[in-house]
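All values below come from the heavy atoms of this structure, side chains included, with hydrogens, waters and symmetry mates left out.
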Amino acid sequence: MNPLLISRYTATSCLGRGIGPMRDALAVGRSGLKPCDLDGVALETWIGEVAGADDEALPSHLHSFNCRNNRLAQIGFNQDGFADAVRDAMARHGAERIGVFLGTSTAGILETELAYQRRDPLTGALPVDFNYAGSHNPFSVAAFVQAAFGLAGPANVVSSACSSSAKVFASARRMIEAGLIDAAIVGGVDSLCLTTLYGFASLELTSRQACRPFDLERDGISIGEAAAFALLERVSGPLADDAILLLGVGESSDAYHMSSPHPEGLGARRAMAAALVAAGLEPGDIDYINLHGTATPSNDSAESRAVRALFGASTPCSSTKGATGHTLGAAGGVEAVIAALALRDGFLPGSPNTRDPEPDMNYLLASRPAPVRRVLSNSFGFGGTNCSLVLGRVR
């Protein structure tokens, strides 16, 4: 595939707003997870919450989009000069030549949960101020971002569980390659809600402590929330030596089980191999792998088998979900931003909370400086929907 320029990127998570706090936390191995204190939730688990998400106010003309997910999106795209970069791209390309491709798992379902708590006690009718299209509808977040910037290009939301905001890079690439657009906002937004917290708890997949990816004693995930955005553009003209490029995308489907990966990680291996082929690279060209690493026994085991089968045991790797929590539909976008930071600043991210990692992997417990030119980032979702991204520096 033709490389695409990632001209601007940002991520907001429980580590803080924007890439500055995220980079600082990763450098020292700080986790943003905390015991769950979300209103209405009585579960012994840990979460990654973005502080102040409910205090964010949308502009009056966008009030129909009001929900925690879209408030979180607004917080996210207003960090790191991202909004200004989008406006600059609009001036260069035109509003109709910029697409919006975002991932989410539950969108603004919290708004529906709150609406059901306010149903009419006699008729069961939902409150008249509840707006499904602007909140719960998965497309809501893309429509909101389009409206916030005044964009008029193609827009799409991918909701393929935990691979959602990695797969949007592929969606955008296809649109750009087809000549339909010149640039795209990609990424993902997912916010805390009762559905995911109680749903994963019912599957016995949540941990009662801060999650420990790839630890031999791992026992489940910690659910987080986040908003991550990147601006993809065609490469035109000479690039700075430190420019970050999307080099390859690989997708696959296990079709093995609704909630469990193939035990040998066959789909994951196919996605990683396809990303390498798209980038024109060999396994030995990858300097770091950001693992999907949810901290459940079956998922980490399957991914470790897939990685060892393709890369052996020497490539440095880690999961950063011990820092951010599993941000579900936003995870692919968040971890693409972490990959970009590793490339930009020359460091290998560690894995907070993990103490005794699985053997036969070059698993990083602590962050350390290192020259990094090529990074593979994995995102694997329920039902075996897999996506791997390869990012790299120009030099």
Is the shortest side-chain heavy-atom distance between N386 and D254 below 4.5 Å? yes
ring-ring contact (aromatic ring centres under 6.0 Å, His included): which pairs involve residues 346-392, sequence neighbours left out? F200-F382, F214-Y363, H292-F380
Is the backbone of P263 close enough, under 3.5 Å, to the side chain of Y256 for a donor and an acceptor to pair up by distance? no
Do we see a donor-acceptor contact under 3.5 Å between the side chains of E233 and S7? yes
One thing to verify: whether R71 and D54 come together as a salt bridge, which I'm taking to mean a side-chain N less than 4.0 angstrom from a carboxylate O. yes
If we ignore angles and hydrogens, is there a donor and acceptor under 3.5 Å between the side chains of N378 and E303? yes
Hey, are the side chains of L281 and R374 touching, using non-hydrogen atoms and a 4.5 Å cut-off? yes
For E251 and R174, what are the C-alpha separation, side-chain angles and deciding distance, and is it a salt bridge (charged side-chain N to carboxylate O under 4.0 Å, His left out)? CA-CA 13 Å; E251 298 176 275; R174 288 189 285 266; 3.1 Å; yes
For a 4.5 angstrom cut-off between non-hydrogen side-chain atoms, does R234 reach I176? yes
Is the shortest heavy-atom distance from the side chain of C14 to the side chain of E49 under 4.5 Å? no
Report the residue from V168, V249, V158 that forms a side chain to side chain contact (heavy atoms under 4.5 Å, CB included) with C387. V249
Between S105 and D190, is there a side-chain donor-acceptor contact under 3.5 Å, judged purely by atom types and distance? yes
Applying side chain to side chain contact (heavy atoms under 4.5 Å, CB included), name anything that partners P21, two or more places apart in sequence or on another chain. none
Smallest separation among heavy atoms of A302 and P261, with atom names: CB-CG, 3.9 Å
Let me confirm one number: the OG-CG distance from S319 to D300, rounded to the nearest 0.5 Å. 7.0 Å
Whether E264 and R308 form a salt bridge (side-chain N of Lys/Arg under 4.0 Å from carboxylate O of Asp/Glu) is what I want to check. no
For A278 versus G248, what's the shortest heavy-atom pair and its separation? CB-CA, 4.0 Å
Shortest non-hydrogen separation from I47 to L197 and the atoms involved: CG2-CD2, 3.8 Å
Just checking, is any N or O donor in the side chain of S163 or T385 under 3.5 Å from an acceptor N or O on the other one? yes
Does anything in residues 147-196 form a ring-ring contact (aromatic ring centres under 6.0 Å, His included)? List the pairs, not counting sequence neighbours. F77-F149
Around D39, counting heavy atoms of other residues, nucleotides and ligands shown, do more than 12 lie under 6.0 Å from its CG? no
Verify, without hydrogens or angle tests, whether N299 (side chain) and T294 (backbone) share a donor-acceptor contact under 3.5 angstrom. no
Please report the C-alpha distance between D219 and S207 in whole Å, then the side-chain angles of each, then the deciding distance to 0.1 Å, and finally whether the side-chain hydrogen bond (donor to acceptor under 3.5 Å, both in side chains) criterion is met. CA-CA 6 Å; D219 62 354; S207 176; 2.7 Å; yes
Decide yes or no on side chain to side chain contact (heavy atoms under 4.5 Å, CB included) for F65 and V141, but give the supporting numbers first. CA-CA 8 Å; F65 293 105; V141 66; over 6 Å; no
Backbone N/O of E282 and side chain of D285: donor-acceptor pair under 3.5 Å: yes
So, taking the atom named OG in S388 and the one named NZ in K167, what distance separates them when rounded to the nearest 0.5 Å? 10.5 Å
N66 versus S135, side-chain donor and acceptor atoms under 3.5 Å: no
If you apply the rule side chain to side chain contact (heavy atoms under 4.5 Å, CB included), what do you find for V375 with D287, and how did you get there? CA-CA 6 Å; V375 172; D287 300 309; 5.8 Å; no
Minimum-distance pair of heavy atoms, taken over all atoms of N362 and S314: ND2-O, 2.9 Å
Distance-minimising heavy-atom pair for L110 and L192: CD2-O, 3.8 Å
N/O donor-acceptor pair under 3.5 Å between S252 side chain and R270 backbone: no
F101 side chain near I181 side chain, heavy-atom distance below 4.5 Å: yes
With a 4.5 Å heavy-atom cut-off, do T195 and E113 have their side chains touching? yes
Does R17 reach the main-chain N or O of A51 with its side chain, forming a donor-acceptor pair under 3.5 Å? yes
Can you tell if the side chain of D80 reaches within under 4.5 Å of the side chain of Y9, non-hydrogen atoms only? no
Criterion side-chain hydrogen bond (donor to acceptor under 3.5 Å, both in side chains) on S377 and E335, from CA distance to verdict: CA-CA 7 Å; S377 184; E335 289 159 30; 4.7 Å; no
Backbone N or O of L26 within a donor-acceptor pair of the S367 side chain at under 3.5 Å? yes
SB check R212 E217 (cutoff 4.0 Å): no
Donor-acceptor under 3.5 Å (R218 side chain, P297 main chain): yes
Below 30° counts as parallel, above 60° as perpendicular, anything between as tilted: where do the rings of Y132 and H136 land? tilted
dist N137:CG -> E111:CD (nearest 0.5 Å) comes out at 13.5 Å
Could you check V372, L276, L310 and say which one makes a side chain to side chain contact (heavy atoms under 4.5 Å, CB included) with I286? L276
Any donor-acceptor pair under 3.5 Å linking the side chain of S318 with the backbone of P349? yes
Closest contact, heavy atoms only, G124 versus R119: O-CD, 3.3 Å
Can you tell me how far the CD1 atom of I289 sits from the OG1 atom of T315, to the nearest 0.5 Å? 5.0 Å
Rounded at 0.5 Å granularity, tell me how far OG in S64 sits from CG in L62. 7.0 Å
N-O pairing of R68 and E56 below 4.0 Å: no
Quick check against the 3.5 Å criterion: does R373 have a side-chain atom that pairs as donor or acceptor with the backbone of R395? no
Any donor-acceptor pair under 3.5 Å from D182 side chain to R97 backbone: no
Side chains of S301 and S298, donor plus acceptor under 3.5 Å: no
Could you go step by step and tell me if D345 and R23 meet the salt bridge (charged side-chain N to carboxylate O under 4.0 Å, His left out) rule? CA-CA 9 Å; D345 294 349; R23 175 63 178 88; 2.8 Å; yes
Candidate list T104, N131, N70, test side-chain hydrogen bond (donor to acceptor under 3.5 Å, both in side chains), partner S140, passing option: N70
Are S13 and M22 packed together at the side-chain level, in the sense that at least one heavy-atom pair is separated by less than 4.5 angstrom? yes
How far does OG of S165 sit from CZ of F229, to the nearest 0.5 angstrom? 10.0 Å
Is R208 atom CZ crowded by more than 12 heavy atoms from other residues, nucleotides or ligands, each under 6.0 Å away? no
